[in-house]
Amino acid sequence: MQLQHQIKLAAFDALQKMYQLQPEDISVTINLTKSDFEGDYTIILFNLLKPTKEKPDILGHKLGSWLMENYANLFSSYNLIKGFLNFTIQDHWFTDFLAKNFDDTNYLNEPRNGKRVMVEYSSPNTNKPLHLGHLRNNFLGLSAAALLDAAGYDVVKTCIVNDRGIHICKSMLAWMLMGNNETPESSGMKGDHFVGKYYVLFNDIYKKEVAQLIADGHTKETSEKEAPILKAATQMLQDWEAGQPQIINLWKKMNEWVYEGFDITYKRIGSSFDKIYYESNTYLLGKEFVEAGLSQNIFYKKEDNSIWADLSAEGLDEKIVQRRDGTSVYITQDLGLVADKYNEYHCDKSIYVIADEQNYHMKVLKALATRLQLPKADGIYHLSYGMVELPSGKMKSREGTVVDADDIVDEMIQIAATKTAALGKVNDFSSDELEKLYETIGLGALKFFLLRVDPKKRIIFNPEESIDFHGYTGPFIQYTYARIKSILRKNDIETSIDFPQMNTLLPLEKKLLILLEAFPSVVSEAAVQYDPAAICMALFNLAQQFNSFYNELSVLHAETIASKNFRLQLATLTAVVLKNGMQLLKIDMPERM
RNA sequence: UGGCUUAUAGUUUAAUGGAAAAAUGCUGCGCUUCGAACGCAGUGAUGAAAGUUCGAGUCUUUCUAAGCCAACCA
């Protein structure tokens, strides 16, 4: 059982015996003791003053001495500062913990809980390559999936590909007009970049046409609507929906090119899906819910035959669910997909990793799903995240002002290569090993950079300043791990020696143990919150604590065999937590770097 | 016009209503030692105002600033 929880139970016991207070009537806050004070864990007394009708110093000493007497096995001393009751924990509690867990390579992973959860992420459009914002989405999705897996869930990773619509028609049209049958092969371009190039080309032409129309005396509004190339694209979308073979074939060909490009990028960043949904298959879904909603009076029809839901009771507005021409809208497809997903996988929860610009849309989706009584509608959760922006503002593919995903990954790997070469610690590596190492470090830096911030905050990415490799970064943690592995290569734990009980833990040893012992609760909390940033912070604190320990205390030259063995166990478990913890962020760890 | 989000050292971020924590930067120090992508010391912050509370960066209200959403777009 977790130490913090054990202290809480002890406190409950004390309050029950001394004040006849029941656990459900009081809240007890237990924190790690701040480093300025003596002690390991702190009970905060303020919210206990009322129920016990005591003053802080009286309550503190009563509680402190009672716990010292009745839980002598757990506490070795206490001190009271204002309303903070600080306890020092018996050393043997930590040494027992370490002895029990140091060789558990599965530490941090909970047993299966029999529940299934779906995580939908990435969701690209097929008219352009992935950019830095997509990377944030992918890393969040991957990490949320890994967190839930560690928490014991069966995780289904899915992706909805936005493979139809006006945007892809724009790329297709530009290619028909300007492409001269060029292909990714003939141009030597990656497929997604190739198609993206024509998307930008379309917009160049479009802007010129609009400018010409305005020069001819039309208003801005009509010009933007009437530009010939836009009308052609709209016509093409209609031809696609009519199933015109020529258009369908071109559409398939261009999408294939894009998928080939995506596959390369996904493979590099370690992204994969158990199930991919295509919007071209799902865009007609959900019609049956319009009928069902009408017959249950959840929806209503206006005079022009459009169908609406009034969500003002949920604090939302009216929402259209079917246009007056009888075609369905985005939200209706989404409802259909909610039902399809459930029918196939029966997930208890469904996590959508989608940018915060769709907060309102996702609220509406959940509200409608709830009203229509779709199964597990309450399990819909929008994992919302802020956009990645440039100092100049939002990234726009059609303007060409994006940080391309492949480019930034390349750049990070290049920086990793330069830094590694400068240090010259892995000169014996083969070129394959080096390539793998650079990728591990470069991607580690990038993933950590995007995950360490609270998901809902915007990230302003400045391409002028390269992503750091020092301090609160992925490479710092990888470096700490490589250091530990280096120690472990040079020292074997002598299991034959039955070493004596440790009498006194040194402060640096104990601080490390406290973090290791508390780590599983950080993970379970992060899994509940879908919050990889909490893992980043805890891993960094642990790595930092280990480095302090490392600089001060030698493993190899420990004073006694027992101490050496103990420190080796400490290093071993630290390595396990760092590695398994980084795995929750889907960041790999190098044995050497 | 409504709704949502954000605002903490020069910069980037932390903080279940309970002791404002780090990173980076800057200043100084530590490699003949298990790896200096490291460590140690110093420096410096809660947008404004009111309220609730024993206690507010955190909750409520108002204001300011930035962003997003709401329109038969996907």
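Since this is a predicted model, take the numbers as computed values, not measurements. Just so we're on the same page: letters track the sequence lines, and every chain starts at 1.
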Quick one: label [X] by what it contacts on the DNA or RNA (base, sugar-phosphate, nothing), any heavy atom closer than 4.0 Å.
{"X": "Lys34(A)", "value": "base"}
{"X": "Asn47(A)", "value": "base"}
{"X": "Thr420(A)", "value": "base"}
{"X": "Val555(A)", "value": "base"}
{"X": "Thr42(A)", "value": "base"}
{"X": "Met593(A)", "value": "base"}
{"X": "Glu525(A)", "value": "nothing"}
{"X": "Arg458(A)", "value": "sugar-phosphate"}
{"X": "Arg164(A)", "value": "sugar-phosphate"}
{"X": "Ser548(A)", "value": "sugar-phosphate"}
{"X": "Asn86(A)", "value": "base"}
{"X": "Asn31(A)", "value": "base"}

Write down the distance between [atom1] ([X]) and [atom2] ([N]), rounded to a whole number of angstrom.
{"X": "Leu383(A)", "N": "rU5(B)", "atom1": "CG", "atom2": "C1'", "answer": "15 Å"}
{"X": "Ile166(A)", "N": "rA74(B)", "atom1": "CD1", "atom2": "P", "answer": "10 Å"}
{"X": "Asp454(A)", "N": "rA21(B)", "atom1": "CG", "atom2": "P", "answer": "20 Å"}
{"X": "Gln322(A)", "N": "rC72(B)", "atom1": "CD", "atom2": "P", "answer": "14 Å"}
{"X": "Glu552(A)", "N": "rG39(B)", "atom1": "CD", "atom2": "C1'", "answer": "9 Å"}
{"X": "Phe449(A)", "N": "rU13(B)", "atom1": "CZ", "atom2": "C1'", "answer": "11 Å"}
{"X": "Glu591(A)", "N": "rG35(B)", "atom1": "CD", "atom2": "P", "answer": "15 Å"}
{"X": "Leu230(A)", "N": "rA74(B)", "atom1": "CG", "atom2": "P", "answer": "14 Å"}

Margin query: With a cut-off of less than 4.0 Å, is there a side-chain N or O of Ser554(A) near OP1 or OP2 of rU33(B)?
Written below: no
Checklist line | Cation-pi check, Arg452(A) onto Phe540(A) ring (under 6.0 Å, within 45° of axis) | finding: no
Check: When you measure from the centre of the six-membered ring of Tyr550(A), is the NZ or CZ of Arg483(A) under 6.0 Å away and within 45° of the axis?
Finding: yes
Taking [X] first and then [Y], would you say they form a salt bridge - that is, a charged N and a carboxylate O separated by under 4.0 Å?
{"X": "Arg324(A)", "Y": "Glu303(A)", "result": "no"}
{"X": "Glu291(A)", "Y": "Lys287(A)", "result": "no"}
{"X": "Asp57(A)", "Y": "Lys55(A)", "result": "no"}
{"X": "Glu389(A)", "Y": "Lys394(A)", "result": "no"}

Next item on the list: Nearest-nucleotide wise, let me know which of Phe37(A) and Arg489(A) is further upstream toward the 5' end of RNA chain B.
Entry: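 With Arg489(A) and Phe37(A) compared, the 5'-side residue is Phe37(A).
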Notebook entry, point to check: Between Glu318(A) and Glu279(A), which has a closest nucleotide on RNA chain B that is more 5'?
Noted result: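 Looking at RNA chain B, the more 5' nearest nucleotide goes with Glu318(A).
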Between [M] and [N], how far apart are the [atom1] atoms? Round to whole Å, please.
{"N": "rU6(B)", "M": "rG44(B)", "atom1": "C1'", "answer": "24 Å"}
{"N": "rU8(B)", "M": "rA65(B)", "atom1": "C1'", "answer": "16 Å"}
{"N": "rA9(B)", "M": "rA20(B)", "atom1": "C1'", "answer": "11 Å"}
{"N": "rG35(B)", "M": "rA19(B)", "atom1": "C1'", "answer": "37 Å"}
{"N": "rU11(B)", "M": "rA48(B)", "atom1": "C1'", "answer": "23 Å"}
{"N": "rU61(B)", "M": "rU27(B)", "atom1": "P", "answer": "47 Å"}
{"N": "rA22(B)", "M": "rC40(B)", "atom1": "P", "answer": "10 Å"}
{"N": "rA7(B)", "M": "rG17(B)", "atom1": "P", "answer": "15 Å"}

Nucleotide paired to [N] in any strand shown, Watson-Crick or G-U, under 3.5 Å:
{"N": "rU32(B)", "answer": "none"}
{"N": "rG44(B)", "answer": "none"}
{"N": "rU5(B)", "answer": "rA66(B)"}
{"N": "rA19(B)", "answer": "none"}
{"N": "rG10(B)", "answer": "rU24(B)"}

Notebook entry, point to check: Under 3.5 Å, side chain of Thr126(A) to main-chain N/O of Asn255(A), donor-acceptor pair present?
Noted result: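 No; zero donor-acceptor contacts below 3.5 Å.
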Notebook entry, point to check: Just by distance, do the side chain of Thr572(A) and the backbone of Leu568(A) share a donor-acceptor pair under 3.5 Å?
Noted result: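 Pair found, side chain donor or acceptor close to backbone of Leu568(A).
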Note to self: Heavy atoms from C-beta onward define the side chain here; which of rC72(B), rU5(B), rC34(B) lies closest to that of Lys456(A)?
What the structure shows: rU5(B)
Next item on the list: Flag as yes if Phe540(A) stacks onto the base of rA23(B) (centroids under 5.5 Å, planes under 30°), otherwise no.
Entry: no
Next item on the list: Would you jot down, in residue-number order, the residues of residues 469-483 of chain A having a non-hydrogen atom under 4.0 Å from RNA chain B?
Entry: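 Within residues 469-483 of chain A, the residues near RNA chain B are Phe469(A), His470(A), Gly471(A), Tyr472(A), Pro475(A), Phe476(A), Tyr479(A), Ala482(A), Arg483(A).
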Notebook entry, point to check: Can you tell me if Tyr385(A) and Asp356(A) form a side-chain donor-acceptor pair at under 3.5 Å?
Noted result: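 There is no such pair between these side chains.
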Checklist line | Pair Asn359(A)-Ser384(A), side-chain donor/acceptor within less than 3.5 Å | finding: yes
